[in-house]
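We name chains A, B, ... by the order of the sequence lines, and we start the count at 1 in each one.
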Amino acid sequence: MPQKITPQVLRGMRDFLPERMILRRYVMDQLRSIFERFGFEPLETPAIEYAETLEGKFGEEGDKLLYRFEDRGGRRVALRYDLTVPLARLVAMHGELVRPWKRYHMAPVWRAEKPQKGRYREFWQCDVDTVGTESMLADAEAVNVVYVALRQLGFDRFVVKINNRKILAALARYAGVPAQGAAGVYRAIDRLEKVGREAVVAELEGEGLSPDIVSRLLDLLSETGNDAATLQRSRERLVADVEGQRGVTELEQLLSYLDAAGVPVEYRRIDLSMVRGMDYYTGPIFETAVEEPKIGSVSGGGRYDKLVGLFSKEDIPATGVSFGLERMIDVIEELAMRPANVRRTVAEALVTVFNPTLVGESIRLSSELRSAEINVEMYLGEERLGNQIRYAVRKGIPLAVIVGPDELARNEVVLRDLSAESQRSIPRTELASALREALSRP
RNA sequence: GUGAGCGUAGCCGAGUGGUUUAAGGCGCCAGGUUGUGGCCCUGGAGAUCGAGGGUUCGAAUCCCUCCGUUCACCCCA
């Protein structure tokens with residue numbers, strides 16, 4: 001025998017066993033159907049891109065987290081870090097796409113981070129993006145999709161925070177910070193909610209801002225009251241800043257569209273201190289955090305009007321949001337939001353094998369039920385009935401079918417409901433419909 | 001990337017240098033019970049104590065390195 005290989009998975013990466021896989025598939029099925037209901041089209045792109053395609057798009061931190069290597073042909077390549085940059089690359093390559101173009105993409109991405117709760121090195125994003133329009137209708141739709149999807153999945157305590165990079169940039173100018181130094185200011189104000197005003201004051205003054213400016217900046221950021229008032233105050237403060245004014249106007253439009261779409265105000269909020277890390281955002285930005293468990297954001301996104309232009313002669317505006325699949329799953333599991341009809345296993349019934357002479361009968365029965373589109377597992381062995389029933393119970397198969405000599409003689413079968421611990425004999429010809437009824441299936 | 005905690009059978013977990021040839025519980029296997037699971041009884045299998053190295057007469061227990069995991073920071077889905 002050769003040396004045994006220690007079985008292990010890479011740090012931050014996981015296997016998904018069937019029970020969890022069924023939950024993941026349920027969540028993705030829900031998202032897919034909602035995305036398609038909005039008219040987003042399916043798309044897939046390669047997991048690996050040229051490194052230069054991805055480099056420099058995610059901010060200083062992001063770049064360090066890229067999985068980079070050299071392929072057999074000596075090409076510098078990288079695993080995709082998100083689904084947005086590959087989309088921009090694709091759009092630049094496919095001028096034939098009819099715009100505005102809407103697509104969804106559910107796929108794994110990789111980031112070489114230090115893993116912790118809700119943070120993995122390989123995780124799935126479920127993105128919807130709209131390419132080719134500057135209209136706030138697209139941004140409003142993105143927020144609407146977040147609202148509809150999370151509600152559909154049973155989320156309740158969440159708020160989509162909305163801000164605008166244009167306003168953020170205007171605030172930085174207002175504070176007298178050169179464009180290059182803006183990142184530090186963003187970082188500080190993003191921490192407002194987390195560390196409190198005093199810590200942010202210290203950090204901003206550490207950046208070299210005058211106490212007077214810092215104080216005015218924070219007054220503006222700490223705006224409470226309704227969204228319209230927040231925007232109105234911003235407009236007044238940033239009166240001399242054309243881009244800032246435009247940012248305010250964008251959010252005003254966005255809010256009016258959200259009203260029309262019926263996204264309730266309690267599920268969305270203008271938050272001028274919300275920043276987001278990606279370098280490529282140019283307009284409205286979104287982030288959705290759940291109040292519990294403490295897991296960070298389950299969704300994030302924004303407008304990126306200059307990203308396609310990095311790959312192409314012309315700038316093509318785009319906006320969209322991303323859902324973090326494993327974070328949604330983590331919430332669903334922790335809050336016991338898994339619906340009862342999402343079973344632990346796929347088999348709907350176990351056809352037992354009574355004894356060696358009746359094996360053929362069980363095989364025929366299984367085939368019949370499969371033809372009737374019922375997920376049937378036949379017991380693969382000839383153990384005593386008790387063990388077969390036990391097997392079904394342990395796996396979470398809801399029903400068992402038993403054919404013994406008595407039933408065979410009467411052309412009947414026993415249908416046992418494993419959770420109710422009840423059973424009845426029924427004519428064999430009625431088995432499929434009886435199963436469907438027991439499973440509450442049409 | 002920085003700092004801290006943890007790592008004992010499939011799972012939970014006792015044990016912190018010497019009757020440990022490593023408790024206990026869940027789970028698993030067999031039988032009691034050869035037409036039916038969840039309860040009960042009896043018996044059984046399963047652990048290089050995360051990996052490697054070191055200290056010691058003696059290491060699951062102390063030290064070092066690595067791997068994994070959790071938490072915080074950072075950042076984010």
Side-chain angles (χ1 to χ4, degrees), chain A residues 4-14 17 27 31 58-65 80-84 106-127 146 150 183 186-188 190-191 194-195 199 274-279 285-290 294-302 320-331 350 352-356 358 379 382-408 413-423 425:
Chain A
K4 291 275 191 241
I5 301 157
T6 306
Q8 53 188 338
V9 292
L10 253 9
R11 162 168 245 206
M13 312 210 173
R14 302 172 302 163
L17 269 23
V27 172
L31 290 178
F58 308 108
E60 209 177 311
E61 282 299 312
D63 257 28
K64 287 189 229 158
L65 304 179
R80 66 179 163 222
Y81 180 92
D82 71 359
L83 302 177
T84 307
M106 301 195 272
V109 301
W110 294 267
R111 299 182 187 177
E113 299 201 70
K114 190 155 177 176
Q116 54 178 269
K117 189 180 187 65
R119 176 194 284 180
Y120 307 97
R121 287 188 167 177
E122 177 180 60
F123 63 98
W124 282 58
Q125 292 195 320
C126 307
D127 279 34
V146 172
L150 291 181
Y186 291 169
R187 190 168 2 95
D190 189 40
R191 286 152 55 74
K194 196 164 193 171
V195 300
M274 189 269 289
V275 174
R276 312 232 75 232
M278 302 301 182
D279 273 359
I285 47 180
F286 323 110
E287 185 168 287
T288 309
V290 289
K294 292 271 171 272
I295 206 170
S297 52
V298 295
S299 170
V321 289
S322 178
F323 293 84
L325 181 64
E326 9 290 291
R327 286 190 179 174
M328 289 191 289
I329 298 281
D330 285 351
V331 173
L350 177 78
T352 57
V353 176
F354 193 84
N355 65 32
L358 291 174
Y379 192 80
E382 293 166 0
E383 288 185 52
R384 64 185 204 198
L385 205 48
N387 282 342
Q388 298 185 37
I389 297 292
R390 189 169 153 70
Y391 169 83
V393 170
R394 284 181 48 211
K395 291 203 66 169
I397 300 173
L399 302 168
V401 175
I402 301 162
V403 239
D406 301 347
E407 287 77 22
L408 190 62
V413 294
V414 167
L415 175 56
R416 182 169 179 81
D417 182 324
L418 267 7
S419 54
E421 297 182 57
S422 63
Q423 64 183 41
S425 273

> For A60(B), give the paired nucleotide (Watson-Crick: N1-N3 plus N6-O4 or O6-N4; G-U: N1-O2 and O6-N3; both under 3.5 Å), or none.
none
> Using the C1' atom in both, what is the distance from A72(B) to A14(B), to the nearest Å?
30 Å
> What does the list of N/O pairs under 3.5 Å between the protein and nucleotides 27-32 of chain B look like, with a distance for each?
from: C28(B); atom 1: OP1; to: R390(A); atom 2: NH2; distance (Å): 2.8
from: C28(B); atom 1: OP1; to: R394(A); atom 2: NE; distance (Å): 3.4
from: C28(B); atom 1: OP2; to: R390(A); atom 2: NH2; distance (Å): 2.9

> What's the gap between G53(B) and G31(B) when it is taken at their C1' atoms, as a whole Å value?
48 Å
> Using atom CD1 of I295(A) as one end and atom C1' of C75(B) as the other, report the distance to the nearest whole Å.
16 Å
> Counting only side-chain heavy atoms from C-beta out, which of U36(B), G35(B), C75(B) sits nearest to R416(A)?
U36(B)
> So which pairs with a foot in residues 388-398 of chain A pass side chain to side chain donor-acceptor pair (under 3.5 Å), sequence neighbours left out?
E377(A)-Y391(A)
> According to the Watson-Crick and G-U wobble definitions, with both distances under 3.5 Å, which nucleotide is paired to G43(B)?
C29(B)
> Is there, by distance only and without an angle test, a donor paired with an acceptor across the side chain of E407(A) and the base of G35(B) below 3.5 Å?
yes
> Using atom C1' of each nucleotide, how far apart are U8(B) and G25(B) to the nearest Å?
15 Å
> Given that both distances must come in under 3.5 Å, which nucleotide forms a Watson-Crick or G-U wobble pair with G35(B)?
none
> Mind checking the P distance from G44(B) to G5(B)? Whole angstroms is fine.
42 Å
> Using both distances under 3.5 Å as the test, list the Watson-Crick or G-U wobble partner of A51(B), or none.
U65(B)
> Using both distances under 3.5 Å as the test, list the Watson-Crick or G-U wobble partner of C71(B), or none.
G3(B)
> For T352(A) and V401(A), indicate whether the former's side chain and the latter's backbone hold a donor-acceptor pair under 3.5 Å.
yes
> So, do S297(A) and R327(A) sit near enough that their side-chain heavy atoms are less than 4.5 Å apart?
yes
> Which atom pairs link the protein and nucleotides 40-49 of chain B when you take only N or O atoms and keep those under 3.5 Å?
none

> If you measure from the P atom in G46(B) to the same atom in C6(B), how many Å do you get, rounded?
31 Å
> With sequence neighbours left out, what residues match S322(A) under side-chain contact (heavy atoms from CB on, under 4.5 Å)?
Q125(A), D127(A)
> Salt bridge check, E122(A) against R111(A): does any charged N sit closer than 4.0 Å to a carboxylate O?
no
> Could you encode protein contacts along nucleotides 66-71 of chain B as a string, one character per nucleotide from 5' to 3', using B for base contact, S for sugar-phosphate-only contact and - for no contact, with a heavy-atom cut-off of under 4.0 Å?
--SB-S
> Can you list everything that forms a side-chain contact (heavy atoms from CB on, under 4.5 Å) with A107(A)? Sequence neighbours excluded, please.
R80(A), L83(A), H105(A)
